[in-house]
Amino acid sequence: GFSNQTYRLAVSDAAGATRFIVIRIARGNSIQWPYTATLEEELPIIRMAQAAGIPVPPQLWLETDSSLLGGMFHVMDYVRGDVLGGSLAPYKPVSDALIANAAEALACMHRMRWQEWVGRLPARIVPQAGLTITDSLDLILRRMREYLEAAWISPSPMILMLLDWLQRNRLGSAETPVITHGDLGFHNWLFDGDRPAALLDWENVALCSPSKDIANVKDCFVPAAQWDHFMRCYLKAGGRAPVEGEMRYYAVLRQVQALICTASSQEKMFVAVDPGNSEFLELGIGAREYFYQTILKDIDDIIGRDAA
């Protein structure tokens with residue numbers, strides 16, 4: 001992965017039985033640091049999701065001694081499944097049943113009562129009790145600025161203007177935020193037929209409006225012809241009805257985050273850290289035009305709707 005090295009290992013016990021496990025080792029220079037959660041911060045959220053019935057790989061343990069494998073790591077059971085698409089779209093048409101099952105899993109996540117979780121939650125994700133959606137959005141915007149400042153990239157007037165736009169147009173809400181995954185493209189799902197086998201990679205987890213995740217899946221997971229079906233299934237499973245204005249705002253926020261990530265991958269990782277890894281250069285150059293075009297469309301839609 002771009003943020004954590006991931007390995008599958010075969011482990012045999014004294015009786016000769018073999019099982020597979022997965023180890024994720026934190027990289028020292030993640031392209032999304034310090035915006036994303038650490039492995040230590042992800043773990044209690046994943047365990048909460050597992051307790052709520054969301055399909056996630058069973059978590060075995062977390063090792064914080066970085067001297068063992070070169071970084072903090074956690075170990076989980078290996079889950080078999082198929083990756084049916086990339087970060088922006090499925091590879092081929094997907095069934096209505098698959099869309100319905102994913103919608104139910106997402107609604108289940110958004111219904112989680114994180115305030116009642118008996119374990120300790122990471123302070124960087126849940127800094128205090130009584131948070132509102134406005135408080136959580138302010139936290140996300142502050143982390144995005146910290147991300148930009150720490151990412152070793154050249155100053156970008158465009159990104160700074162977009163961050164200012166997000167701050168000026170931020171949405172006020174006194175409602176209680178929900179757990180959001182933050183990166184719901186097909187590349188982070190494993191499917192067993194039409195059934196989600198595991199939702200992976202929780203490093204973008206944050207408290208926020210459920211509209212943040214809904215905007216994400218509308219952009220990169222649910223084909224347009226199946227959108228109404230997805231929303232019917234999501235609402236039937238107990239999800240909150242999204243607000244259209246919020247959807248557009250969070251679509252812009254996601255693309256700005258992606259712009260910082262692609263700039264970081266090009267300058268921080270490819271140039272400064274790992275000049276032999278062309279994947280970082282491809283991510284940095286190839287995606288920027290797409291993200292800028294998407295942002296312009298979303299902002300145009302917001303301005304047009306407000307003017308109307």
Side-chain angles (χ1 to χ4, degrees), residues 3 30-38 41-42 45 110 114 121-184 202-220 240 242-265 268 287-288 291-292 294-303 305-306:
S3 298
S30 164
I31 60 173
Q32 295 198 81
W33 183 89
Y35 179 76
T36 53
T38 65
E41 291 166 336
E42 280 185 67
I45 305 295
H110 291 166
W114 56 268
L121 295 176
R124 198 164 72 95
I125 297 172
V126 187
Q128 64 191 57
L131 284 174
T132 66
I133 287 177
T134 299
D135 296 330
S136 62
L137 180 55
D138 284 340
L139 179 61
I140 289 171
L141 293 175
R142 184 166 71 248
R143 282 165 56 187
M144 288 177 70
R145 288 190 179 274
E146 292 171 354
Y147 177 20
L148 182 63
E149 291 168 3
W152 298 3
I153 61 177
S154 304
S156 168
M158 180 63 73
I159 292 177
L160 290 173
M161 285 190 292
L162 286 167
L163 285 172
D164 287 343
W165 184 91
L166 287 168
Q167 187 66 48
R168 289 195 313 272
N169 291 276
R170 73 179 178 84
L171 305 163
S173 173
E175 290 190 37
T176 301
V178 303
I179 295 289
T180 62
H181 181 276
D183 192 9
L184 289 163
W202 289 71
E203 65 182 9
N204 283 284
V205 65
L207 289 177
C208 200
S209 165
S211 295
K212 182 174 182 287
D213 272 345
I214 299 301
N216 184 186
V217 296
K218 185 175 185 180
D219 182 40
C220 64
R240 270 189 223 170
V243 178
E244 183 61 27
E246 286 191 353
M247 294 274 287
R248 288 296 184 188
Y249 178 88
Y250 287 114
V252 175
L253 185 145
R254 175 177 174 272
Q255 304 302 342
V256 175
Q257 176 196 345
L259 276 175
I260 301 173
C261 177
T262 54
S264 175
S265 69
K268 174 183 175 182
R288 282 197 188 186
F291 292 132
Y292 275 123
T294 305
I295 287 170
L296 287 172
K297 179 182 181 302
D298 287 326
I299 291 180
D300 280 347
D301 287 345
I302 291 171
I303 294 171
R305 187 185 61 256
D306 290 345

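Residue numbers run from 1 in the order of the sequence given.
Of all heavy-atom pairs spanning Lys212 and Gly182, the tightest one is NZ-CA, 3.9 Å. Between Leu163 and Met144, the closest heavy-atom pair is CD2-CE, 3.9 Å. Closest approach of Leu139 to Arg124, counting heavy atoms only: CD2-O, 3.5 Å. Between Pro242 and Ile214 the shortest heavy-atom distance is CG-CG2, 4.1 Å. Nearest heavy atoms, Thr176 versus Arg240: O-NH2, 2.8 Å. Closest of all the heavy-atom pairs between Val205 and Arg143 is O-NH2, 4.3 Å.
Val252 has its side chain within reach of Trp165: a pair of non-hydrogen atoms, C-beta onward, lies under 4.5 Å apart. The closest side-chain heavy-atom distance from Cys220 to Arg254 is below 4.5 Å. Contact check for Trp114 versus Pro177: side-chain heavy atoms found under the 4.5 Å cut-off.
With respect to the salt-bridge test (charged N to carboxylate O, under 4.0 angstrom), the residues Arg145 and Asp164 qualify.
The structure places CD1 of Ile125 at 7.0 Å from CD1 of Ile179, a figure rounded to the nearest 0.5 Å. To the nearest 0.5 Å, atoms CD1 (Ile260) and CD1 (Ile159) are separated by 5.5 Å. Interatomic distance, CG of Asp219 versus CD of Gln255, reported as 5.0 Å (0.5 Å rounding). Ile133 contributes atom CD1, which lies 4.5 Å from atom OG of Ser209 (distance to the nearest 0.5 angstrom). In this structure, NE2 in His181 is found 14.5 Å from SG in Cys208, a value given to the nearest 0.5 Å.
Here the rule is side chain to side chain contact (heavy atoms under 4.5 Å, CB included) with Tyr250, and of Leu166, Asn216, Ile140, Leu137 only Leu137 fits it.
For Asp183 (side chain) and Trp202 (main-chain N/O), no donor-acceptor pair under 3.5 Å exists by modelled atom type. Side chain of Thr180 to backbone of Leu207: no donor-acceptor contact under 3.5 angstrom is found.
Between the side chains of Gln128 and Asp135, no donor N or O sits under 3.5 Å from an acceptor N or O.
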